[in-house]
J.: 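Here it is, the structure in full.
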Amino acid sequence: MTHLSADAAAELPLASVEDAGLALLRRAIERDHAGRLAVVSSFGADSAMLLALVAEIDRSVPVLFLETGMHFPQTLAYRDALIERLGLTDVRDIRPDPAQVAGRDPRGDLHLFIPDDCCTLRKVAPLARALAGFDAWATGRRRQQSATRAALPFRETVDGRVKFNPLADWSVERIADELARRGLPRHPLLRQGFASIGCAPCTRAVRPGEDARAGRWAGQGKTECGIHRPAFF
Ligand code: SF4
């Protein structure tokens, strides 16, 4: 399979470009949203792929990591390893407001009772504050991850801000092959069956045949944390 360089792809009509998502990402970073685009990364199961592609374009692109205080220690170690390996120069830990945490979740167990409120407190609100200085962001979401992401576009507009999903059409196999080819490390919990990795209290390993995200908020009727609101085109 022949892959065009992102440079070449960016100059071609999207319909003829195999890696249309990557072409859009390069054009956004270098031209359309230069200096005004952030990458949001969980440093989870597949995060290394998007971060590697961004680093190839510009290592100084801001990367926002939602430091909820609830991550697996393996995720924090993996974050540090990837930062060093890829030479990322502007990774920002985005934390919840301490006063709001003290008031709303003093015992740190809100996730057990009202996970939507916990995600709002620790993810949605902090990200909204962090994105205020940007007019575009990029995520590593993929159509293959779950039924709710099956129609994910490469580019969408949410609340007036452009969101890029350059890996929307990538398969998990392609990511694995590409990361192996580049010699990049994988999240250590993958070996234990974790296919999608978020906060420790709300993530379990997946069983054979389950969606990659079936281990997130399992049994709670919740599939997304709330940072990815519906798009309006
Ligand atoms: S994933 Fe769980 S622990 Fe993390 S913010 Fe959401 S509810 Fe809270």
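Indexing begins at 1, ligand by ligand and atom by atom, following the structure's order. Heavy atoms only: backbone and side chains are in, while hydrogens, waters and symmetry mates are out. If you're wondering where the values come from, they're calculated on a predicted model, not measured in any experiment.
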J.: Going by the atom numbers of ligand 1, which of them fall below 4.0 Å from some non-hydrogen atom of P115?
T.: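 In order of numbering, the contacting atoms are 7 (S).
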J.: Do we see a donor-acceptor contact under 3.5 Å between the side chains of N165 and T139?
T.: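 Yes, T139 and N165 have a side-chain donor paired with an acceptor closer than 3.5 Å.
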J.: Give the residue and atom name of whichever protein heavy atom lies nearest to atom 3 (S) of ligand 1, and the separation in Å to one decimal.
T.: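 Looking at atom 3 (S) of ligand 1, the protein heavy atom closest to it is C199 CB, 3.6 Å.
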J.: Nearest protein heavy-atom contact for atom 6 (Fe) of ligand 1: which residue, which atom, what distance?
T.: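 The closest heavy atom on the protein side is C119 SG, 2.3 Å.
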J.: Would you please indicate if the ring centroids of H71 and Y78 are separated by under 6.0 Å?
T.: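 Ring centres of Y78 and H71 not closer than 6.0 Å.
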J.: Considering heavy atoms of the protein only, find what lies nearest to atom 2 (Fe) of ligand 1 and give residue, atom and distance to 0.1 Å.
T.: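 Here the closest protein heavy atom is C202 SG, 2.3 Å.
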J.: Report, in ascending order of atom number, the atoms of ligand 1 lying under 4.0 Å from any heavy atom of K123.
T.: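 In order of number, 1 (S).
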J.: For the residue pair S196 and R216, confirm or rule out a side-chain donor-acceptor distance under 3.5 Å.
T.: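 A pair is found: one side chain offers a donor N or O, the other an acceptor, under 3.5 Å apart.
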J.: Count the heavy atoms belonging to other residues, nucleotides or ligands that lie under 6.0 Å from CD of E84, then report whether that count exceeds 12.
T.: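 Counting other residues, nucleotides and ligands, CD of E84 stays at 12 neighbours or fewer.
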J.: Give the residue and atom name of whichever protein heavy atom lies nearest to atom 8 (Fe) of ligand 1, and the separation in Å to one decimal.
T.: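 It is C118 SG, 2.3 Å.
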J.: Take F154 and F164 through the test ring-ring contact (aromatic ring centres under 6.0 Å, His included) and record every step on the way to the result.
T.: CA-CA 6 Å; F154 290 124; F164 294 93; over 10 Å; no
